[in-house]
Structures are given as structure tokens and as C-alpha cells.
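Report on one structure; see the data block that follows.
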Amino acid sequence: MNYIQELNEQQKEAVLHIDGPLMIIAGAGSGKTKVLTTRIAYLLERGVDAFQILALTFTNKAAAEMKERITKILKNNEAKNLYMGTFHSVFAKILRFEADHLGYPKNFTIYDTDDAKSVLKQIIKAQGFDEKLYKVGFVYNRISTAKNNLIGPAEYAQDKDIQIEDARNNRPGIAGLYRDYVNQCYKNGAMDFDDILMNMYILLRKFPEVLAKYQHRFKYMMIDEYQDTNLAQYHIVKLLAAVHENICVVGDDAQSIYSFRGASMQNIFQYQKDYSDVHIIKLEQNYRSTKTILDAANHIINNNKNQIQKNLWTDNETGEKIKVSQSFSDNDEGKSVADFIIEQKLRNHYSNSDFAILYRTNAQSRSFEESLRRLNINYKIYGGMSFYQRKEIKDYVAYLRVLVNTQDEESVKRIINLPARGIGNTTLNRISLFANENNISFWDALMRIAEVGIKGATYTAIENFTLLIRTFQSELNIKNAYDVAMNLGKQSGLLPELHADKTVEGLARFENVETLLNSIKEFTETPDEEGELADKSLGSYLQQITLLTDADREDDDEATKDVVKLMTIHAAKGLEFPCVFVVGLEENIFPSAMSLYDRDDLEEERRLFYVAVTRAKKKLWITLAKNRYRFGTLVNNEPSRFVEELPSQMIEKNMLAAPNYGGSSVGSPPSLWGSKDGAFGNKAKQPQDKIIAQKKVVGVNAASTHQPSENFVATNPVNIQMGMRVEHQRFGFGKVVNVEGNAADKKAKIIFENGVGEKMMMLNFAKLMVVEGN
DNA sequence: TCGGAAATGTTTTTT
DNA sequence: ACATTTCCGA
């Protein structure tokens, strides 16, 4: 057990204390993951069966990494048998196994937020509410909050405080919407994210034999990020732990940043009251950051009133000062960050993957994408529009969902006329009416289409559609999931339609669908779990992918490995990087405009800033812009109050003096301020170009990162003709070899140089500049 | 029924 | 600025 010797005193104590309730208050960078993995390895080595350990983490990726580390320590494969994953993914597997207790099909669909809002929107319409007043997002949040607090539709309608609040908000109808929404999801055989927690709780409360089974099974439990659990999660954990009470929770009140999802720090304080002899260990030595960064972080968090006292310290070097840099506009902010990265790479031999750019909202990523692309720096954005939210993927997934669960009306409606089969809204409404009158599901109404009174071409189209689905349902029993999914795509016309689209965007969509098919193959053909919850069917696959975060998707191919990472601060939680840029430090952005008038909200923003700062190991930049584009117009922004809270002796500040010009940003060329919108105008150009010239190819795919000409102006599509030499901003130079269609539908076939090859482009969208031949 | 044009809303944060 | 939704003519 040599691995235990590597730990400090507190860490060791946390690992060796295995029986009874344990709470670990783990400061940022204090080796929390190391303690958790070592503790599990120690349990396994002491002879505890892996099947008896439940470990709930924040992301699936964190769980996978921990399994890997445990495997390395123990040099065996036992870690594979741990019950380890996010609350949602572990509970979804249990619910799948126990589905019949609650009257759900085993292959129940899991709705993501978009699916759920779509269902809810139809209910708001059906009840005749004004959609401006009853905005889907607002109603959805009310329902979500209720579920996270274990308040069902009946209790919601009876709760005086809730009813008073809805009445005051002029939306007394939410209780009725909640009721119908829950009923509709149940009819659809579907659960949304919150249902997974709520139904898990109901399962354990309503079926004592099920509760007893899992209480007995999970002899040891570990809960990571405990400060971010909500009431539903708290009660589930408490129920499961009630027999053995071998429950270890790990958290840090200073990093509680999910109250909008119902998370409550109260769970940390309540924990100490729930068990008789709670052992508390504080991990206070930080191994991650420089003294400067850690001191600044401590300074920031001390502005908060609500916190558990602790003294986070480090033995690490003092390090460099934190650089604070203000730019004229959001575009200039993007440029300055890209310049800092280039400079650091040259001077200190950092690689792209050493840098992270962290922002408050996803919408802020744009200016950084642009500037990084301009300087040929490879990057990857985490979050935002995830892979599984893309239209082509959602469409394909909807087909597969219907295959395993025809009761899922939402998915049936999504694909019934996709590709277009001549089944329009009028037809759908008639079928819905028939289904309601006869109290049957939408799908069952489709199966009885003759009785609905629909004739002719539409009738045939519907018959063909249901036949298609039923044919592939039976195929699922004899062929593997990949073949069925692939053939369904071909037969339905979905794949041929995607394949026919030879535009750049169309090709990307087709590639995405190929990626989806490959992931089905990989999932169903890789048996990496044992036990009763292990299930490699298509139904199981569909349930798991909805619960995947962008961070969970592995960075597979080499080209995407050495990249600058862009993400929200929320998404960066639990991660660390040598060099960190925390950007957009402006009032109304960070802290967010929504949080300015409430102490608790503002303190959560400050904790968020604390999380951002403590991601950095070596170097930290804080940037802000004086002006920023918002809905297309430039607006003025005051520096964030958080900038003022930074201790002056630890920072190197470079703010703009006069309104439109002034000091240069730290360590970058003064000419940055030459162009108003940061579009790398003529005046600002030279210094960066020199750097590019020296450092041109840094693991960059030259084919897709053409540097556009300085004077690039797209030519009007009507003037583009065969034989011309043209330039594309991304693909570089090429020759037009064919032109077809006209006006809005004009397409051109272009053969590009430098290995990019032949592309069919829709001229209305592709911006091309004629270089020669006009 | 369907496609393009016009109007409208969008920005917290995530499972 | 951009994406989504609604409107309108064929």
C-alpha cells in the first residue's frame, strides 16, 4: 500500500477513515480527486467488493478518469465494476432496470431540455394561454424547481406559497400546465432530467423492497461536489445510506455555483445533523497554484459573508503577478488574448493545450474563436451547442427513439414528415384529435389510420411510415444495433437526403451522422461493464447519450488534441490549466445582470469568480472590454466590481485611459488599438503578421486554416462564372470548374489548391472573392 | 403542403 | 449579429 505514503496527513486520514459518516471539506486544488481515488483503491484492497461501492461524481468524464486512476493503482480491472457516474446516469440505469415498478417502459426516452420544452410548448398552446406571458422557459424553470424540491403537480397546486407567487407573477395557470406536462411525459414513456431524480426518489419511497435492495448493495457511498446537490439528490442519498451509514461526502462551500439548478449549500450543514458521529476533515494545502494566484483567490472569497472558515495555503513558488488588461472592444479583447498566447508560446514554450479561456456566458466565445482562427491557433469550444443538439443528430436519434419506444409522441412527430412525405400539419391535427377522442396514443392512432378518415396519398404515406418503423423494430431482434440504425437511415430516406447535399455544411452534417453511427457501433460492441445494470442495447445507448456533457466526449483524433480550450466557468469546474484567461470582467456580464440585486446571487457570482481564478496553475490573465456588441449594437460596459476587489500588490493593471485610445495592453503591440472593431484592419496588421510568419505551422492543418487576404471582399454571386480563379476565407484559392442553377440557387464546383480538393458550394452562402478572370 | 421572406427575440450558468 | 418563428404566395 505504498500509494498511501504519498499523501499528506489530512489526505491520509480521509483515506483510512472508511467506516461511518465522513465529510471532507476540500479546498480548490487540495488533491480531492487523489483522495477519492486512493480511498476507493484502499477499500477494494481491503476486500470490499467493487459492486458494493457507489461513487457519484459531477461529470461522466470525471468518473471515467477516476476508474482509470484506480486501475493504475491496483493493477487490476476491478474498478470497472464500481457504480460510478453522475447522479443522472447512475439513476437512469437503475430506473431502466426497475422501470416496471413505476409503470414506465424499460426503453423510456430521456428528454433533453429542448425536447421537454417542445412538449411543454404544445401544452401551453393546447390550454390556450398567451405564449408571451407563459413563456416556455419560464414555465419550464418553475416546474424544474418544483421537481428538484420533490414537489409533484398535486402538491404544487395545493401549496399556498407557490400559488401566491404564481398569482403575483400573473401566471396562475402553471399548476395546470405542470399537471398536463407530467401526464404527457408519462404517456410518452419519457422522463426529463429532473424526472430522473424525482422518479428515483419515488421508486425508493414507494417500494420498500427496492429500497432495501439498493441500501444493502451500496455498502460504501461517496458523493463528490456535495455543495452542488439539490434537495432531491440529498434525500435519495440519505435514503440509500440509511442502513450502513458508510457515506463520505466531499465538497467545498466556496465552490458552490449551481443554486440555479436547485443546489443548496444547506446540504453541507444539514449533513452534520443527520448522522450522529460525523468525522470532518479539512484539506487546506493547495498543490495547484502559485502563491500569488492563491492569495488573490483567498482575497476574493473573503468578500463573501456566508462561508465556512478555512485557511487554504500553498508551498508553491510565488509566481508572476496576475495581469489585468482592458481592451476597447470585445473584438480587441479577443485579439489581445490571442496575442498573449502567441507570445507565451514563443517565450516559454507553452503549447496550445496549456491555455484555457474561461467566460461567464457561452455567447462570449465568438471574439476569441475569430482571433484564434486568424492567428492559426487550434482551439476547441466545450459546451454551447453540443453534438447531440445538432438538428441532423436529433433527427436521426428521434428515428431510433421511435424504434425502441413508439409511445414517444414527441419523437414520432419530429420524424413523421422527415424527409418530406406529404404529411402536413392538418393531417397531424386530425390524427391527434382521433387519438384524444379514443384515448389512445398518437402512434396507435397512426396504426388505425383507416378509421381516422384520411385517404389518398397521405394515407399511403402514413401506412408506409408505420410499416417502415415496424419492419426495423423486428430487425432489431435479429441484427446488431449498428446495422439496423444504418439501414433505417437508408430506407427512411434520411441518409440519401443528407448525402445528396454536397455543400460544405451538408458534408459536415453527413460526417456528424457517420460519427453518430460509429458511436452506436462502439457502444453496443464494447462490453466494459458487468452486473445487472450493464446493458449494451440500442435502448440503453439512447438513454446514456442524452446524459452526456460535451466534456464527456473524448478528444479522439490527434489533430484536436493540442488545442486551446474555451468554455464557461461552470464547465471548467474541477479542471486545471497552466495558463488561464478569465475574460469579460464587466458589470452586467460578470457579475451577471441577473444577480446584482440579491446578496446571495451576488455571492454566488463571486464564488464563480473564485472557481475561475483557482483553475490556474502558473499564469493568470483577467481581461475586460470597454465596449461590447450586444444584439448587434456596441454598448459601453463598466469594469466589474470583482476587478476592484483584487489585491493591488498581486496584479499588473493595464486599463484604457481615454475613451477611445490610450495605454497598450500588457505585453502586446500598441498597434492593437489601431482598428475600431478589431477585424485586423490595415493599421493593426504588421506586428502580428511577423509572429505568424515565424510560427506559421504549429500543429495546424494548413488545408482548413487559410489566412485570408488583407483586402478580402466577397464578390456578388451573380458575377461568378466558370473558369474564374477565386479565394475562399477558409479554403484558400481555387478554380471554378462548373456553375449550375441561377439566382438564389446558384451552385459552383470549385477545385481548391493545397490539398483542400473539390467542393460544391452554394454561392448564396459561401463567400468567394474573384481573384482572376473578370 | 411547402419554400422563401419578413418579423421577432436572444444572453446566464447545466444534468 | 444571428437564429428561430411566423407569414404569405404558389
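The chains referred to below are lettered A, B, ... by the order of the sequence lines, with proteins before strands, and numbering in each begins at 1. Computed from a predicted model, the values in this text were never measured in an experiment.
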Which part of the nucleic acid, if any, lies within contact of A:T426, taking any heavy atom under 4.0 Å across all strands shown: a base, the sugar-phosphate backbone alone, or nothing?
-> sugar-phosphate
Quick note, A:A571 side chain, CB onward, closest among B:dT14, B:dT13, B:dC2 is B:dT14
Which residue, A:S595 or A:K132, contacts DNA chain B at a nucleotide closer to its 5' end, judged by nearest heavy atom?
-> A:K132
Does one side chain, of A:S367 or A:E333, offer a donor that lies under 3.5 Å from an acceptor on the other?
-> no
Looking across every strand, which nucleic acid part, if any, lies under 4.0 Å from A:N425 by heavy atom: base, sugar-phosphate, or nothing?
-> sugar-phosphate
Side chain of A:K121: nearest nucleotide among C:dT5, B:dT13, B:dT15?
-> C:dT5
Whole-Å gap separating P (B:dT13) and CE (A:M594) | 11 Å
Could you state the atom-to-atom distance from NZ of A:K147 to P of B:dT15 in whole Å?
-> 18 Å
Select base, sugar-phosphate, or nothing to describe what A:R630 touches, counting heavy atoms under 4.0 Å on all strands.
-> base
For the pair made of CG in A:N148 and P in B:dT14, what is the distance, rounded to whole Å?
-> 16 Å
A:D194 CG to B:dT15 C1', in whole Å, measures 8 Å
For A:Y140 and B:dT14, give me the distance from atom OH to atom P, rounded to whole Å.
-> 14 Å
Assign the ring pair A:F590 / A:F609 to parallel, tilted or perpendicular, where the plane angle (0 to 90°) is split at 30° and 60°.
-> perpendicular
Output the residues of residues 257-265 of chain A in contact with DNA chain B, where contact means a heavy atom of the residue under 4.0 Å from an atom of the strand; sort by number or write none.
-> A:Y258, A:F260, A:R261
Could you tell me the separation between the OG atom of A:S371 and the NZ atom of A:K335, rounded to the nearest 0.5 Å?
-> 9.5 Å
Whole-Å distance separating the CG atom of A:L56 from the P atom of B:dT15 | 15 Å
If we take the P atom in both B:dT13 and C:dT4, what is their distance in whole Å?
-> 15 Å
Under 4.0 Å between any heavy atoms, over every strand shown, what does A:A593 touch: base, sugar-phosphate, or nothing? Just pick one.
-> nothing
Tell me whether the OP1 or OP2 atom of B:dT1 has a side-chain N or O from A:N417 closer than 4.0 Å.
-> no
What nucleic acid atoms does A:T427 come within less than 4.0 Å of, heavy atoms only: base, sugar-phosphate, or nothing?
-> sugar-phosphate
Within 45° of the six-membered ring axis of A:F138 and under 6.0 Å from that ring's centre, is NZ or CZ of A:R171 located there?
-> yes
Neighbour count >12 (heavy atoms, 6.0 Å) for atom CD, A:Q127 | yes
Would you indicate which nucleotide in B:dT14, B:dG9, B:dC2 comes nearest to any side-chain atom of A:H570?
-> B:dT14
B:dT14 OP1/OP2 closer than 4.0 Å to side-chain N/O of A:T568 | yes
Look at the aromatic rings of A:Y258 and A:F260 and report parallel, tilted or perpendicular, splitting at 30° and 60°.
-> tilted
From CG of A:N331 across to P of C:dA1 the rounded distance in Å is 11 Å
Measure the distance from CD on A:E131 to C1' on C:dT5 and round it to the nearest whole Å.
-> 10 Å
Is the charged tip of A:K573 near the ring of A:F58: under 6.0 Å from the six-membered ring centre and within 45° of its axis?
-> yes
For A:E369, enumerate each residue passing the side chain to side chain donor-acceptor pair (under 3.5 Å) test, keeping only those at least two apart in sequence or located in another chain.
-> A:S365
Looking only at side-chain N and O atoms, does A:K135 come under 4.0 Å of OP1 or OP2 in B:dT8?
-> no
Options B:dT14, B:dG9, B:dT11, nucleotide nearest the side-chain atoms of A:A363 = B:dT11
Whether A:S259 side chain and A:G262 backbone form a donor-acceptor pair below 3.5 Å = no
The answer to which of A:L428 and A:N60 contacts DNA chain B further toward the 5' end, by nearest nucleotide, is A:L428
When all nucleic acid strands are considered with a 4.0 Å heavy-atom cut-off, which category describes A:K573: base, sugar-phosphate, or nothing?
-> nothing
Per A:F631 side chain, nearest of listed nucleotides B:dT15, B:dT11, B:dT13 = B:dT11
